[in-house]
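What follows is a single structure, written as structure tokens, with notes after it.
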Amino acid sequence: MKAWLPVLGLLLGACVAPVSLDERPCPCGEGWTCCAATQMCVREANSCSMQQQPSTPPDGGTDGGTDGGHDAGPDGGSDGGVDGGTDGGPDEGDGGDPDLILRCFDEHWCWENPSPHARYYEAVWAGGPDDVWAVGAPGIATHWDGKGWKVYRSATQQTLLAIWGTSSDEVWAVGRQGAVVRWNGKAWQPVGTGLKQHLVAVWGSGPNDIWVGGFDGALLHWNGAEWTRPESTPPHYFTGLWGTGPNDAWVITAEGALLHWDGQAWTQQPRFQSELVLSLSGADGVLWALDQTLTTGTWRVRRYEGGAWTVVYEGTEPLNSLVALSARDAWAVGAHGSVLHLDAEGAWWSSMGISEDLEHVWGTASMGLWAVGSRGQAMRWTGDEWVSLREGADTAMLGGRALSATEAWATGDRGTLLRWSEGRWLTLTTGTQAALNSVWGASSNEVWAVGAGGTLVRSDGMTAALWPESVAMETLRSVWGSSASDVWAVGDAGRLLHYDGQSWDVRSSPTTATLYRLWGTGVENVWAVGEAGTLLRRSSAGWKAVTLDPPTSQTFYGLWGSSANDLWAVGAKGVVRHYDGQRWSPVLPFAEGDLLDIWGTGPADIYALERRADGMTLFHYDGTTWLPSPIPYGGDFNSLWGMGTVPRIGGFGGSILRYKP
């Protein structure tokens, strides 16, 4: 569903005052100044060497689609990440991935999976087969050069809802809260308008003729020097713009009112009655519109020709966007990769074979078709078939483990098992659709993954298969071992399983509490933590419950240590305990949210992953202080692990992000 639909009905009736900008070469918005050297906008108080690229907290957008029904994290049964100790080894640089720098958001955060990212798209525009822009989630704009994607900062903290360009160095995007940004061939820059309404449409014929439209009567024109609002503009919700030149532009309202611009004024044209117009397009002198009747759940495609509107399609399959290629050829996209093609012969439904919802489709007869949607999905029509331009796993990532500085494994929903090899995350078929919550390996050819319903998967490094025997029915949430013949798995209802190199068997447990994490240093020194402050230890005498002093009722989700005398347990509401070999001592809280995971390389290099309602944070401990680093992409992450000295976090839509300190 389009990100602006939930608030469409909240902004009726207000007027929009004209607003102008001083002439600046970038152009830059009010309060900004243009650096001639970089052609970028910076705050007037800052020097031109400072690039104003805001951070990107979530702003209410959604990633949509389906991940197979499993909710990652402690609430939904994830492992939360790596279960073991340090991985050792040096920083592996880019891990062998030469294209990783193209997917870096800044000097710290890079997307390793999927490519280019897993956040949502709302709009796409193409200047050619090797010049395609897609925007949506806050802070992110991605560009396709015909071979691969590159991630850019979009110069706004708002979700971008529409995009249009006139050349490779003149691309405009608009979004929530009046956001307008412009690509000048080098970087995205914010452009002030004075508007606070959501902008959902943009169109232009050239750099000196740009229209933006949206809620609450927002309809502005950029002439290359200033923004103006024509006096003839009525106060409507404008949801679509299209045109052919400076003297021929069209705008449509949510209620179906059509207006035409002749270079001097907007004039009313024949309209139709609608509850919500979603899209306006045109080709060969004919307009097309997609609208929805909310009360009946009906979608219609209409064509405007010869001064009259005609309904050419009506149905109940959800649609979000439409584009016209000719007077008799149009395409629409919608939920779960559905595609509607209308031509002179009729209407034809098909599916792209993907689970993601598609939010926007764009194209021309000469440039072809492009469609984008949830979880970073981008599709291209080749003339014969739709091809995905997103690479990598797309299910929620739930756990991870590095075996060395250059090899790692990750697990996720729907039986996902990934191996980092030669700079790429490669998918191994596991033979199960169960969520895999945790992974551990004694070596590259002896790897175990555990998950929902007692699932056990074994891999030799090249293939993976379900363990043939059912050992337990409870969900398993963590796996760890001291060797190939000493492997433990824990999970719901205090379940403890052990593998001796030949078979798995159930071991007696001193608790019925859910156990979330395992960690150890050897055969007779293994720890497990879980709900309601549960802490277990295995020694030569077997598994025993450990009483904390003072006790806690908070659930522990993460466990990690650098040695037998340096262990950390973290969990709900920021609870932290540290073990020095003698006692588990409370640590002064440094986080307000739930701490889902913890990992490090030594006593003075530790990371912890925090989840709050308003975003997620990666904390770093230098031996003295815990310092926060907000995760800029938004979205939900579940797990933390590392290769060498570099941490990774895994989460929604197949996300694996790398943090470079």
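Taken from CH2 in Trp349 to CG in Leu340, the straight-line distance is 5.0 Å, to the nearest 0.5 Å. Atoms CD and OG, from Glu407 and Ser444 in turn, are 3.0 Å apart once rounded to the nearest 0.5 Å. Separation of atoms CZ (Arg414) and CG (Asp394) is listed at 5.5 Å; rounding is to 0.5 Å. For the atom pair CD1 (Ile656) and CD1 (Ile649), the distance works out to 10.5 Å, reported to the nearest 0.5 Å. The distance from the CZ atom of Arg176 to the CD atom of Gln158 is 6.5 Å, given to the nearest 0.5 Å. If you take OG on Ser388 and CD on Glu385, they are separated by 11.5 Å, rounding to the nearest 0.5 Å.
Taking a cutoff of 4.0 Å between a charged side-chain nitrogen and a carboxylate oxygen, Arg611 and Asp636 qualify as a salt bridge. Remark: Lys147 does not engage Asp145 in a salt bridge, criterion side-chain N to carboxylate O under 4.0 Å. Residues Arg375 and Asp357 are not paired through a salt bridge, judged by the lack of any N-O separation under 4.0 Å between the basic side chain and the carboxylate. Look at Glu112 and Arg648 and you find a salt bridge, because one of the NZ, NE, NH1 or NH2 atoms lies within 4.0 Å of a carboxylate O, short of that distance.
Between the side chains of Thr364 and Ser366, at least one donor N or O sits under 3.5 Å from an acceptor N or O. Between the side chains of Thr382 and Asp384, no donor-acceptor pair of N or O atoms lies under 3.5 Å. At a cut-off of 3.5 Å, with distance as the only test, no side-chain donor of Thr159 or Glu122 sits close to an acceptor on the other residue. Thr617 and Arg612 share a donor-acceptor pair across their side chains, judged by distance under 3.5 Å alone.
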Derivation and outcome, side-chain contact (heavy atoms from CB on, under 4.5 Å), residues Trp362 and Ser321: CA-CA 9 Å; Trp362 187 91; Ser321 176; over 6 Å; no

- request: Show the numbers, then the answer: is there a ring pair (Phe, Tyr, Trp, His ring centres under 6.0 Å) between Trp133 and Trp188?
  value: CA-CA 12 Å; Trp133 284 99; Trp188 287 94; 5.1 Å; yes

- request: Could you walk me through whether Ile252 and Thr239 pass side-chain contact (heavy atoms from CB on, under 4.5 Å), step by step?
  value: CA-CA 6 Å; Ile252 200 164; Thr239 58; 4.0 Å; yes

- prompt: Val339 and Met352: side-chain contact (heavy atoms from CB on, under 4.5 Å), yes or no, with the steps?
  reply: CA-CA 7 Å; Val339 182; Met352 296 185 187; 3.4 Å; yes

query: Could you walk me through whether Arg390 and Glu356 pass the salt bridge (charged side-chain N to carboxylate O under 4.0 Å, His left out) check?
result: CA-CA 12 Å; Arg390 184 190 62 186; Glu356 292 81 10; 2.9 Å; yes

field: side-chain contact (heavy atoms from CB on, under 4.5 Å) assessment of Ile631 paired with Trp109
entry: CA-CA 8 Å; Ile631 298 170; Trp109 293 98; 3.7 Å; yes

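Between Trp641 and Trp409, the ring centre distance reaches or exceeds 6.0 Å. Aromatic rings of Trp331 and Trp381 (six-membered ring for Trp) have centroids within the 6.0 Å cut-off, being under it. For Trp222 and Trp227, the distance between ring centers is under 6.0 angstrom. Taking the centre of each ring, Phe619 and Tyr607 stay at or above the 6.0 Å mark.
A distance-only check finds no donor-acceptor pair linking the side chain of Thr429 to the backbone of Gly431 [under 3.5 Å]. At least one donor-acceptor pair closer than 3.5 Å links the side chain of Ser281 to the backbone N or O of Ala324. At least one donor-acceptor pair closer than 3.5 Å links the side chain of His360 to the backbone N or O of Val124. Arg419 places a side-chain N or O within donor-acceptor distance of the main-chain N or O of Gly461, the cut-off being under 3.5 Å. A donor-acceptor pair under 3.5 Å links the side-chain atoms of Trp299 to the main chain of Leu319, judged by distance alone. A distance-only check finds a donor-acceptor pair linking the side chain of Thr395 to the backbone of Asp413 [under 3.5 Å]. When atom types are taken as modelled, the side chain of Asn437 and the backbone of Gly412 share no donor-acceptor pair closer than 3.5 angstrom. Under the 3.5 Å distance criterion, the side-chain polar atoms of Trp164 are matched with a main-chain donor or acceptor of Gly204. With hydrogens and angles ignored, the 3.5 Å screen pairs a side-chain donor or acceptor of Thr411 with a backbone N or O of Leu436. Judged by distance alone, with hydrogens and angles left aside, the side-chain atoms of Thr142 form no donor-acceptor pair with the main-chain N or O of Trp149 at under 3.5 Å.
Scanning both residues, Glu170 and Trp172, for their nearest heavy atoms gives OE2-NE1, 2.7 Å. Minimum heavy-atom separation, Gly644 to Thr601: O-CG2, 3.5 Å. Scanning all heavy atoms of the two residues, the minimum distance from Ala283 to Trp242 falls at N-CZ2, 3.7 Å. Counting all heavy atoms, side chain and backbone alike, Trp211 lies closest to Ala249 at NE1-CB, 4.3 Å. The two atoms that bring Ala393 and Thr427 nearest to each other are CB-OG1, 4.3 Å, heavy atoms only. The minimum heavy-atom distance linking Pro318 with Ser338 is given by the pair O-OG, 4.0 Å.
Looking at heavy atoms from C-beta onward, Phe215 lies out of side-chain contact with Phe238 at the 4.5 angstrom threshold. In this structure, Leu369 and Trp386 have side chains that are in contact, with non-hydrogen atoms separated by less than 4.5 Å. Taking 4.5 Å as the limit, some side-chain heavy atom of Pro207 sits within range of a side-chain heavy atom of Thr166. Proximity of Arg424 to Asn113: side-chain heavy atoms (C-beta onward) are nowhere separated by under 4.5 Å. Side-chain contact between Phe637 and Leu618 is absent, with no heavy atoms from C-beta onward closer than 4.5 Å. Proximity of Ser655 to Arg119: side-chain heavy atoms (C-beta onward) are nowhere separated by under 4.5 Å. A heavy-atom distance below 4.5 Å is found between the side chains of Met643 and Trp420. Side-chain contact between Leu161 and Leu199: absent, with no pair of heavy atoms (C-beta onward) separated by less than 4.5 Å.
Taking Ser350 as the reference, nothing meets the side chain to side chain donor-acceptor pair (under 3.5 Å) condition, with sequence neighbours excluded.
Under the 30°/60° scheme for interplanar angles, the aromatic rings of Trp111 and His117 are found to be tilted.
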